[in-house]
Each structure stands twice: as structure tokens, then as C-alpha cells.
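To find a chain, count down the sequence lines: A is the first, B the second, and so on, and within it residues start at 1.
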2 protein chains.
Amino acid sequence: MAGGSTGAGRSVTSRALRVLDAFDVDHARLTLSEIAGRSDTPLTTAHRLIGELTAWGALSRRPDGRYEIGRKLWDLGLLAPVQAELRQVASPFLLDVHTATRDTVHLAVRDGATALYVDRVSGRESVPVVSQVGSRLPLHAVGVGKVLLAAAPDDVVEQVLRSLTRETRHTVVEPARLARELAEVRRTGAARTSEEMSLGAASVAVPVTVVRGAGGRAVVAAALGIVVPTHRAERDLPRLVPVLEVAARGIGRELARTDEFR
Amino acid sequence: MAGGSTGAGRSVTSRALRVLDAFDVDHARLTLSEIAGRSDTPLTTAHRLIGELTAWGALSRRPDGRYEIGRKLWDLGLLAPVQAELRQVASPFLLDVHTATRDTVHLAVRDGATALYVDRVSGRESVPVVSQVGSRLPLHAVGVGKVLLAAAPDDVVEQVLRSLTRETRHTVVEPARLARELAEVRRTGAARTSEEMSLGAASVAVPVTVVRGAGGRAVVAAALGIVVPTHRAERDLPRLVPVLEVAARGIGRELARTDEFR
DNA sequence: TCTCGTGCTCCCACTCAGCGGAAGGACCAC
DNA sequence: GTGGTCCTTCCGCTGAGTGGGAGCACGAGA
């Protein structure tokens with residue numbers, strides 16, 4: 001190959017994939033040059049790769065000339081496991097909680113050191129909620145995150161404790177204090193937050209526990225949480241815990257039944 | 001290259017993509033050899049490509065050695081346009097309809113000659129519903145499909161009329177009769193089906209109409225439908241139409257406001 | 001324990017697919 | 001008209017991709 005100035009990935013496939021990497025939540029629509037720039041690919045090469053990706057349906061071209069993720073990738077994405085299994089099982093329960101409370105309900109799993117939101121039912125009241133399906137938020141700043149962190153392996157906990165980012169002025173950034181909170185979560189089986197990720201929002205969350213086989217170990221497979229505006233937190237959060245627990249148990253039981261589940 | 005027996009796609013990228021094509025709803029988990037077989041790729045080549053796809057996160061390997069679609073593709077898929085815009089706007093309205101009726105609510109768009117289900121809220125009662133988010137069903141056999149077909153360009157209508165598949169014994173397969181039904185849909189603004197896709201299920205659907213600009217043409221952007229068990233059809237379907245219409249109008253108005261929309 | 005079968009991984013020399021600079025075109029703004 | 005941005009096409013060089021084959025890991029049956 002000529003030159004070789006393009007540092008990182010040498011294989012064709014990795015380049016094609018790097019092109020896809022140019023897309024994210026804040027960059028869902030890109031021009032050819034933007035893609036080339038963001039993926040650090042020579043313009044011509046990007047052009048050719050994009051041509052192939054578009055022909056296949058991974059990307060599609062809008063009337064205005066920009067590219068966006070195509071339907072084929074959407075189709076494929078829906079086959080991904082976390083969500084296929086878990087979401088399908090959990091969906092009716094999320095709806096139940098939503099119908100009973102009319103608040104924003106979340107289902108999240110731990111993905112490394114972040115909470116990955118796999119499903120969400122949005123509430124009536126306008127609570128400043130940052131999370132969307134597919135978004136990742138820091139474990140220490142959200143309700144579902146604390147639940148997931150409390151159940152995570154020690155090395156993950158340590159890693160998170162070592163790098164607590166401040167999201168708002170209420171975020172818990174002292175390792176010792178968070179460690180105490182986690183112990184409390186393990187004891188009570190529920191986590192609370194108040195304006196730690198976004199001002200004006202408070203939350204509770206509980207673990208979704210799955211017991212595999214007879215007398216098997218209980219594994220925290222996900223976390224179920226609910227978000228309410230701060231002014232209703234004191235009154236509502238305590239009475240919401242039992243609602244979440246019922247739903248979480250339902251989901252856990254259903255998951256245990258699905259032999260497809262890991 | 002040696003041989004050249006592999007007929008179709010010659011480029012590396014197209015091969016990598018063909019590997020991904022091996023996955024679909026009925027084949028969400030595949031072994032290396034299965035992928036190689038289904039994508040008509042030599043085992044060794046498939047192995048290498050899969051290795052790269054896995055390293056990037058397009059695929060992931062399960063403990064049992066099988067491969068499945070990875071989280072990265074799920075992330076990317078969520079950026080696809082159909083759903084990003086439309087779903088986000090429509091979601092609260094679907095929930096409203098669901099809360100009011102507790103039935104299965106669907107949102108679909110036309111994708112070529114099929115109805116593509118972009119969102120769905122499942123109901124309480126066990127209705128035999130085939131559709132899932134991401135699935136495609138024939139336009140002539142489902143409620144949302146008839147609505148979308150009634151608004152489709154003539155060439156699409158003709159194409160569909162020419163190839164009416166029989167899904168159940170109640171499916172409308174006579175072109176003339178379907179044409180009459182479509183005229184009726186255009187006149188009344190709603191479509192009904194009864195056991196035409198799956199026995200035991202009936203449905204109504206209405207169009208989601210968007211008016212672009214002042215005095216612009218009205219465009220059918222999607223269809224909103226509801227499914228109930230047959231035994232409740234006579235009683236419930238008529239009174240559900242107004243509910244759907246309210247929601248559909250709300251979605252349409254919201255879409256018109258979003259300047260991002262096409 | 002020794003087959004045999006199945007499915008996966010590693011190796012390596014040949015060669016063709018990918019590469020990307022350069023040039024040309026389309027479109028817009030000033 | 002002139003300068004600018006962005007996209008598309010062209011083409012000769014070369015190293016990345018290819019895939020048969022060998023070898024390994026595991027499990028079932030004798």
C-alpha cells in the first residue's frame with residue numbers, strides 16, 4: 001500500500017467498521033467529508049467504503065446528500081441478545097409499572113463501568129431525564145447504576161470508586177461515602193438518588209435477580225428504576241419501592257424460565 | 001486469488017457484510033461453521049472476518065462458542081432514522097392508547113411492499129400477534145398495512161394486488177375486493193381486519209398524517225393500529241377508532257413541528 | 001483406552017482487491 | 001467571474017486478503 005500514514009487499523013474490514021464508528025448519538029447524520037475526517041480515513045477510501053456500506057444497507061443516503069444509519073443495521077441491532085431476551089420479557093412489567101405510576105420507568109444492565117439503558121417508558125410529567133434507550137450513564141450517579149454497582153465484581157467497584165465524576169453538585173464523589181451507600185443498597189435491596197445526575201430528578205431502583213437451576217446462585221441480571229420530579233420524591237419514592245420489587249421479581253422469575261437466558 | 005469458486009461478492013467488505021447477513025430472526029445464534037455455510041464463505045475466511053467483527057463489537061461470542069449480534073451494532077441500529085424521529089415522537093401516544101385500552105398497539109411504516117413495525121406496546125390479553133418490533137408483514141393482511149397501502153403510490157398498489165399471499169383462510173386474496181377495501185379505507189380513514197393474518201385476532205388502524213408547511217400536501221407517514229381478540233372485535237373495534245384518531249393526530253402534529261422530519 | 005467425527009484455529013505463499021493521490025465536476029457565495 | 005467546498009471518477013502499484021491444508025480440542029461410541 002502507498003504511504004501508510006493512516007496509523008491505526010490496517011485491514012479493510014477494520015476501516016469499514018471505523019467508518020461506522022463515525023456515527024454516534026450526536027452525529028447521526030454526516031456528510032462524506034465529515035465521515036472521512038471523523039474516522040481518519042482518506043476521503044477517497046471513505047467514499048468507496050461508504051459506497052459499499054450503502055449498497056448493502058448499513059448506511060443510507062438522504063436527499064440532502066448526508067448519510068445516516070440504514071434500516072438493515074437497525075434490523076440486525078434488534079437481534080442483539082441483551083435486549084432480545086431481557087427486553088421482551090421485561091416489557092410488559094415496565095408497562096405495568098408505568099400504568100400504575102405514570103412515571104418514567106427504566107431498565108438497565110451493567111456494561112463495563114457504565115449503566116446501559118436497554119428499555120424505557122417515558123412518564124407524563126416533564127422530568128429532566130437524560131437517559132434514552134441505548135445511552136450509557138455513570139454507575140455512581142443514577143439509581144439503576146448504584147444497584148448494578150452494588151452487585152458488581154470487586155474490581156469493577158474499585159475501578160469506579162477510583163474515578164467518580166461530578167455530574168451535578170449533588171453527585172456523590174467521595175469513594176468512602178459511595179462505598180457506604182453500596183453497602184446500604186445490598187442490605188435494603190434498593191438504591192435512591194436525588195439530583196445526582198440531573199437537577200430536578202430523583203430516583204429509586206431495585207435489582208432484577210435471576211436464580212438459575214435448583215438452589216443455584218442468585219445473579220443480578222438488570223436493574224429496574226423509576227424517576228420522579230424532586231418535589232414528589234419524599235412522598236412518592238418510598239411507596240414506589242414495593243411496586244418496583246413486584247415487577248422485578250416477575251421479570252426475574254420469567255427470565256429464569258427462559259432457558260435461552262445465558 | 002486462488003480458485004474463485006465463491007460466486008457473488010468479491011470485495012472484502014461485501015464478504016464481511018455477507019457474514020452479518022447470516023443472522024436473522026430465526027438464526028440469532030450461530031456457530032462458525034453455520035455462518036460460513038449460510039454466507040457461502042470458505043470456513044477459514046469466515047473465521048478471519050468474524051474475528052475482526054468480534055474485535056470491533058459487531059458480533060460477540062457466547063460462552064458456548066456461538067456468535068451473536070454484539071452491542072455495538074445494537075447501539076448503531078438505534079441511530080437509524082425511521083425509528084429515531086418517529087418512535088420518539090410517537091412513543092408517549094402509544095402509551096396513552098395502551099393505558100386507555102390495555103390492548104396491543106402498533107406503529108408501522110411502509111417499507112417497499114411490506115409493513116415495517118417500528119414500535120409496539122403489548123397488551124394484557126393473549127392475542128396471537130405475529131408482529132414484533134422490526135418485523136415485516138404483508139400489507140394486504142394487516143390493519144396498519146391496509147392503511148399504508150391505501151396511501152401508497154399506484155405502482156406499489158398494483159404490485160401488491162398482483163401477488164396477494166394467503167396467510168389464513170380469511171385473508172383477502174381477490175385483487176378486486178382488496179381494491180374496494182382500499183377505496184373504503186381512503187373514504188372512512190380507517191381499516192379493519194379480522195383473522196386475515198392470524199386466527200383469533202382482529203384489528204383496526206388509522207393513518208398518521210403529516211402536513212408539511214402552510215397549506216402543504218398531507219402525507220401519510222405511518223399507521224397506528226390496535227389488535228384485539230376476535231371475540232371482542234364487534235363490540236370494541238368501532239369505539240377504538242376515535243381513540244386511535246386522537247393519538248394519530250397528536251403524532252402527526254408533533255411530527256410536523258419537528259423540522260428534522262424529512 | 002483407542003478410534004472416529006465434528007468443529008475450530010493457525011499457517012503461509014500467491015495474487016488480485018484495495019489503496020489513495022490527482023484531476024475533474026457540481027454547486028454555492030461573494 | 002473567481003474562489004471555495006464538497007463529491008466523484010480514474011488508474012497503476014503493492015501488500016492485505018485469501019483459502020487449502022495441517023493440526024488441535026473435545027466428545028461419542030466401540
Side-chain angles (χ1 to χ4, degrees), chain A residues 1-23 27-70 81 259 262, chain B residues 1-23 26-70 81 259:
Chain A
M1 185 184 309
S5 57
T6 314
R10 71 272 296 117
S11 80
V12 196
T13 314
S14 70
R15 281 163 189 236
L17 295 173
R18 196 127 46 90
V19 161
L20 292 179
D21 267 332
F23 292 84
H27 304 86
R29 284 157 199 195
L30 300 170
T31 66
L32 170 58
S33 340
E34 284 170 341
I35 298 175
R38 286 175 56 81
S39 63
D40 191 30
T41 308
L43 185 67
T44 316
T45 302
H47 181 250
R48 185 167 20 83
L49 292 175
I50 290 171
E52 290 205 75
L53 291 169
T54 305
W56 183 74
L59 298 178
S60 71
R61 192 156 199 193
R62 298 160 44 83
D64 66 5
R66 286 158 174 249
Y67 293 90
E68 59 194 3
I69 299 294
D259 55 2
R262 224 153 267 256
Chain B
M1 188 181 310
S5 58
T6 314
R10 75 269 296 113
S11 80
V12 196
T13 315
S14 71
R15 279 162 191 238
L17 294 173
R18 196 127 45 90
V19 161
L20 292 180
D21 266 332
F23 293 84
D26 301 316
H27 303 86
R29 285 158 199 194
L30 300 170
T31 65
L32 170 59
S33 337
E34 284 168 341
I35 298 174
R38 286 175 56 80
S39 62
D40 191 29
T41 308
L43 184 67
T44 317
T45 302
H47 180 251
R48 185 165 22 83
L49 292 174
I50 289 170
E52 289 205 75
L53 290 169
T54 306
W56 182 75
L59 298 178
S60 71
R61 191 155 200 194
R62 299 160 43 83
D64 67 4
R66 287 160 173 247
Y67 293 90
E68 58 195 3
I69 299 294
D259 56 3

Indicate every side-chain donor-acceptor pair of residues 46-54 of chain B with a distance under 3.5 Å to a residue at least two apart or in another chain.
unit_1, atom_1, unit_2, atom_2, d
E52(B), OE1, S11(A), OG, 2.3
E52(B), OE2, S11(A), OG, 3.4
E52(B), OE2, T13(A), OG1, 3.4
T54(B), OG1, I50(B), O, 2.6

Can you find a side chain N or O atom of R48(A) that sits less than 4.0 Å from OP1 or OP2 on dG18(C)?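 For dG18(C), neither OP1 nor OP2 has a side-chain N or O of R48(A) closer than 4.0 Å.
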Ignoring backbone atoms, establish whether S11(B) has a side-chain N or O less than 4.0 Å from OP1 or OP2 of dG18(C).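 Answer yes for this pair, as a side-chain N or O of S11(B) is under 4.0 Å from OP1 or OP2.
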Listed partners of R61(A) passing side-chain contact (heavy atoms from CB on, under 4.5 Å), at least two apart: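 Only Y67(A) meet the side-chain contact (heavy atoms from CB on, under 4.5 Å) criterion with R61(A).
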Qualifying residues under side-chain contact (heavy atoms from CB on, under 4.5 Å), relative to D64(A), sequence neighbours excluded: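 For D64(A), the residues satisfying side-chain contact (heavy atoms from CB on, under 4.5 Å) (neighbours in sequence not counted) are R62(A), R66(A).
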When you check every protein heavy atom under 4.0 Å of nucleotides 4-10 of chain C, what one-letter string (B, S, -) results, 5' to 3'? ---SBSB
Please round to the nearest 0.5 Å and tell me the distance separating atom CD1 of I69(B) and atom CG of L30(B).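 One finds 8.5 Å between CD1 of I69(B) and CG of L30(B).
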Nearest-0.5 Å distance, CD1 of residue I35(B) to CG of residue L43(B):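 Separation between the atoms: 10.5 Å.
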Write down the distance between CZ (R18(B)) and P (dT18(D)), rounded to a whole number of angstrom.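 The distance from CZ of R18(B) to P of dT18(D) comes to 11 Å, rounded to the nearest Å.
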Whole angstroms only, please: what is the CZ-P distance between R15(B) and dA16(D)?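 Checked: the CZ to P distance equals 18 Å.
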Just wondering, do L59(A) and L20(A) contact through their side chains at under 4.5 Å, heavy atoms?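 A side-chain contact under 4.5 Å exists here.
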When S39(B) is tested against each of R18(B), E34(B), R15(B) for side-chain contact (heavy atoms from CB on, under 4.5 Å), which residue passes?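 Filter result, single survivor: R18(B).
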Quick check on the helix from dT1(C)-dA30(D) to dC30(C)-dG1(D): what's the angle between its two end axes, five base pairs per end, to the nearest 10°?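 If I round to tens, the end axes sit 40° apart.
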Under 4.0 Å from any atom of DNA chain C, heavy atoms only: list the residues of residues 50-60 of chain A that qualify, in numerical order.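 Heavy-atom contacts with DNA chain C come from no residue of residues 50-60 of chain A; none.
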For A22(B) and H27(B), work out which heavy atoms get closest and say how close.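 Answer, listing the atom of A22(B) first, then H27(B): O-CB, 3.9 Å.
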